[in-house]
2 protein chains.
Amino acid sequence: MANRLDTGALLGHLPLFRNLDARQLALMARACQEVRIAKHGFAFQRGDPANGLYVVAVGTIKLAIPSPSGQEKVLEFFTAGQAFGEAVMFLDKPYMVQAQALEDTLLLWIDKQDIYAAIDHDPSFARRMLAGLSLRLHALVQDIEAVNLQNATQRVAGYLLRQPREDGQIHLSVNKNVVASKLGLTPETLSRLLGQLSGKGYIAVEGRDVQLLDAAALEALLYGR
Amino acid sequence: MANRLDTGALLGHLPLFRNLDARQLALMARACQEVRIAKHGFAFQRGDPANGLYVVAVGTIKLAIPSPSGQEKVLEFFTAGQAFGEAVMFLDKPYMVQAQALEDTLLLWIDKQDIYAAIDHDPSFARRMLAGLSLRLHALVQDIEAVNLQNATQRVAGYLLRQPREDGQIHLSVNKNVVASKLGLTPETLSRLLGQLSGKGYIAVEGRDVQLLDAAALEALLYGR
DNA sequence: CGAAAGTTTGAGTTGCTTCAACCGCGGTGG
DNA sequence: CCACCGCGGTTGAAGCAACTCAAACTTTCG
């Protein structure tokens with residue numbers, strides 16, 4: 001029991017489950033299962049049936065659309081405390097995306113039925129669920145906007161500006177290959193563009209650390225011209 | 001009262017509101033407002049605050065992301081009975097898309113508060129709402145897949161195959177300019193590709209009517225090579 | 001320490017766009 | 001009634017942004 005995870009406490013801290021009452025929370029904590037995924041392993045793949053949702057306890061998950069030709073389009077990352085895989089659960093369709101661990105990861109899996117029970121029992125849980133899906137939708141629309149209406153440079157600039165930073169310092173949470181895929185670019189193109197922005201003095205890149213030297217200039221790229 | 005719309009009956013027929021009880025439905029029917037939008041008019045534009053959702057009573061609405069340069073990316077169309085604009089309602093963000101009428105259109109508008117009330121009152125309503133959002137999400141992911149992992153020809157083939165048809169006969173619900181935008185193409189490119197597919201004998205195009213002559217060949221384009 | 005993965009740089013290619021001209025058709029006003 | 005306009009659509013020629021292919025260099029990790 002030493003290495004045992006306190007699932008109740010963990011769930012209770014998630015925004016999604018925040019004001020679920022104690023009984024309901026305990027029920028859910030008991031119902032959920034721990035799933036360990038090794039680095040590069042999959043929580044689920046395209047075509048798998050969706051019978052529940054996942055919550056990241058430890059680690060990082062990459063959600064991506066695979067393609068027959070081996071390339072993939074990265075949609076989103078999830079780290080400790082975030083839920084994923086909820087959307088398809090409500091339809092009766094198989095996953096059209098895959099969830100891959102970027103490092104050794106511990107997930108909690110909650111059955112569809114238990115989620116439904118929580119929805120029926122607590123309307124505020126339903127609202128949180130709705131808000132969660134809406135947020136996901138919002139992110140996807142942003143992605144679509146980026147790919148369809150912005151050129152490569154603007155996508156990179158936009159991405160950098162959206163990253164969390166402390167005094168202009170950004171640390172990329174994933175490697176540049178993955179960032180490139182998220183932006184709908186090849187690694188080569190991303191590398192060249194970062195080099196270009198560095199050359200102009202807008203940013204300084206060192207490995208996964210990026211310093212924003214001239215955020216205003218980046219915004220100008222995004223909007224003006 | 002002759003021209004008066006029976007909102008209660010209309011709402012009651014929507015999948016979203018199907019098994020809302022009579023009292024709740026009546027409440028909602030009384031709460032909702034009729035909104036008339038002339039062709040080319042907007043139900044809302046990017047940046048507008050979202051305080052409720054819309055249901056199409058009569059007409060067609062085009063949801064699109066506008067861009068400063070005047071072009072736009074079409075996301076989806078909505079016709080009689082479909083709801084839209086629900087997603088942003090749950091976040092406290094303004095719309096990032098615009099809803100434009102493709103013809104004279106009559107909408108019903110329902111306030112956020114009334115929706116919340118229905119969610120709290122009837123868990124099955126919440127589930128329907130969740131399913132609705134999930135469906136929207138699914139569609140967006142398909143869109144992203146198309147733009148990122150398929151070439152222009154595949155996108156066109158995929159689109160045609162997804163359209164409702166009777167013995168291979170498709171009728172485009174919107175003009176080709178709009179279809180092109182939905183596919184992330186220029187009108188010129190779409191025209192060329194349709195011509196090309198016609199040339200190969202896979203389809204026959206006449207105005208907005210498209211005959212699928214060889215659906216298998218189109219699927220082959222999508223998957224194999 | 002060596003193999004594999006990640007990153008950068010260079011050179012050449014291409015799929016789609018852009019620009020431009022043209023056609024046909026429906027509506028509209030003189 | 002017909003000339004005119006404007007929009008939707010097609011076609012051609014030229015351009016370019018991003019990709020592909022290839023090779024070298026760097027970092028990570030077993």
Side-chain angles (χ1 to χ4, degrees), chain A residues 38-41 60 62 67 69-74 100-104 146-159 171-199 203-210 221 225, chain B residues 38-40 60 62 67 69-74 100 102-104 146-159 171-199 203-210 221 225:
Chain A
K39 182 172 182 176
H40 297 142
T60 311
K62 173 188 76 180
S67 92
S69 59
Q71 49 186 359
E72 58 173 33
K73 159 68 184 181
V74 173
Q100 188 174 20
L102 291 178
E103 48 191 312
D104 289 353
V147 178
N148 284 281
L149 301 172
Q150 303 181 338
N151 65 30
T153 307
Q154 292 174 316
R155 300 212 286 274
V156 173
Y159 182 79
H171 181 78
L172 302 178
S173 59
V174 293
N175 72 40
K176 290 178 188 164
N177 271 317
V178 179
V179 172
S181 168
K182 166 103 180 97
L183 295 177
L185 300 173
T186 58
E188 292 96 322
T189 301
L190 175 60
S191 172
R192 275 184 255 268
L193 291 178
L194 288 176
Q196 200 172 305
L197 293 175
S198 297
I203 62 175
V205 184
E206 194 170 323
R208 280 199 194 172
D209 294 313
V210 181
L221 284 178
R225 157 79 299 232
Chain B
K39 182 172 182 175
H40 297 141
T60 311
K62 174 188 74 179
S67 91
S69 59
Q71 50 186 3
E72 58 173 31
K73 158 70 184 178
V74 172
Q100 189 173 20
L102 292 178
E103 46 190 315
D104 290 354
V147 178
N148 283 281
L149 301 172
Q150 302 180 338
N151 66 30
T153 307
Q154 292 174 315
R155 299 213 287 274
V156 173
Y159 182 79
H171 182 79
L172 302 177
S173 60
V174 293
N175 71 41
K176 290 179 188 164
N177 272 317
V178 178
V179 172
S181 168
K182 166 106 180 92
L183 295 177
L185 300 173
T186 58
E188 292 95 323
T189 301
L190 176 60
S191 171
R192 276 184 257 269
L193 292 178
L194 287 177
Q196 200 171 304
L197 292 176
S198 296
I203 62 174
V205 183
E206 194 172 321
R208 281 198 194 172
D209 294 313
V210 182
L221 284 178
R225 156 80 300 233

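Lettering follows sequence order; numbering is per chain, from 1.
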Hey, could you give me the CG/OH distance between B:Leu193 and B:Tyr159, rounded to the nearest 0.5 Å?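 Result: 14.5 Å between the selected atoms.
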
Any chance you could measure B:Thr60, atom OG1, to B:Lys39, atom NZ, to the nearest 0.5 Å?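 The distance works out to 10.5 Å.
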
What heavy-atom pair brings [X] and [Y] nearest, and what distance separates the two atoms?
X: A:Leu149; Y: B:Glu72; value: CD2-C, 4.2 Å
X: A:Asp209; Y: A:His171; value: OD1-ND1, 2.6 Å
X: A:Thr189; Y: A:Ala152; value: CG2-CB, 4.5 Å

Strictly under 3.5 Å: I want the nitrogen or oxygen pairs between protein and nucleotides 15-17 of chain C, one per line.
from   : atom 1 : to       : atom 2 : distance (Å)
C:dC16 : OP1    : B:Ala152 : N      : 2.7
C:dT17 : OP2    : B:Thr186 : N      : 3.4
C:dT17 : OP2    : B:Thr186 : OG1    : 3.2
C:dT17 : OP2    : B:Thr189 : OG1    : 2.4

Contact list for residues 178-189 of chain B, test salt bridge (Lys or Arg N to Asp or Glu O under 4.0 Å), sequence neighbours left out: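 Matches after skipping sequence neighbours: B:Asp143-B:Lys182.
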
Residue pair A:Leu197, A:Leu221: steps toward the side chain to side chain contact (heavy atoms under 4.5 Å, CB included) verdict: CA-CA 11 Å; A:Leu197 293 175; A:Leu221 284 178; 3.8 Å; yes

Using whole Å, what does the distance between atom [atom2] of nucleotide [N] and atom [atom1] of [X] come to?
X: B:Leu194; N: D:dT11; atom1: CG; atom2: P; answer: 11 Å
X: B:Glu206; N: C:dG24; atom1: CD; atom2: C1'; answer: 14 Å
X: A:Gln71; N: D:dC21; atom1: CD; atom2: P; answer: 11 Å

I'd like to compare against my own output: the B/S/- annotation of nucleotides 23-30 of chain D with a strict under-4.0 Å heavy-atom distance to protein. --------

Find out whether B:Leu185 and B:Val156 are in side-chain contact, i.e. whether some heavy atom of one side chain is under 4.5 Å from a heavy atom of the other.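 Touching, per the 4.5 Å side-chain cut-off.
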
Using five pairs at either end of the helix from C:dC1-D:dG30 to C:dG30-D:dC1, determine the angle between the two local helix axes and round it to 10 degrees.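 The two end axes of the helix from C:dC1-D:dG30 to C:dG30-D:dC1 meet at 40°.
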
Applying side-chain hydrogen bond (donor to acceptor under 3.5 Å, both in side chains), can you list everything that pairs with B:Ser181, at least two apart in sequence or on another chain?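 If we apply the side-chain hydrogen bond (donor to acceptor under 3.5 Å, both in side chains) test to B:Ser181, skipping adjacent residues, there are no hits.
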
Results of side-chain hydrogen bond (donor to acceptor under 3.5 Å, both in side chains) for B:Gln150 - residues two or more places apart only: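 Scan of B:Gln150 (side-chain hydrogen bond (donor to acceptor under 3.5 Å, both in side chains), adjacent residues dropped) gives none.
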
Please enumerate all protein N or O atoms sitting under 3.5 Å from an N or O of nucleotides 5-7 of chain C, with distances to 0.1 Å.
from  : atom 1 : to       : atom 2 : distance (Å)
C:dG6 : OP1    : A:Asn175 : ND2    : 3.4
C:dT7 : OP1    : A:Lys176 : N      : 3.3
C:dT7 : OP2    : A:Lys176 : N      : 3.0
C:dT7 : OP2    : A:Asn177 : N      : 3.0

side-chain contact (heavy atoms from CB on, under 4.5 Å) partners of B:Ala38, counting only residues at least two apart: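 Partners of B:Ala38 by the side-chain contact (heavy atoms from CB on, under 4.5 Å) criterion, ordered by chain and then number, come out as B:Asp104.
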
Not counting sequence neighbours, list each pair that qualifies as a side-chain hydrogen bond (donor to acceptor under 3.5 Å, both in side chains) and has a residue in residues 190-199 of chain B.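 Of all non-adjacent pairs touching residues 190-199 of chain B, none passes side-chain hydrogen bond (donor to acceptor under 3.5 Å, both in side chains).
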
Kindly list each side-chain donor-acceptor pair under 3.5 angstrom involving residues 173-180 of chain B, sequence neighbours excluded, with atom names and distances?
from     : atom 1 : to       : atom 2 : distance (Å)
B:Asn175 : OD1    : B:Asn177 : N      : 3.0
B:Asn175 : OD1    : B:Val178 : N      : 3.1
B:Lys176 : NZ     : B:Gly207 : O      : 3.2

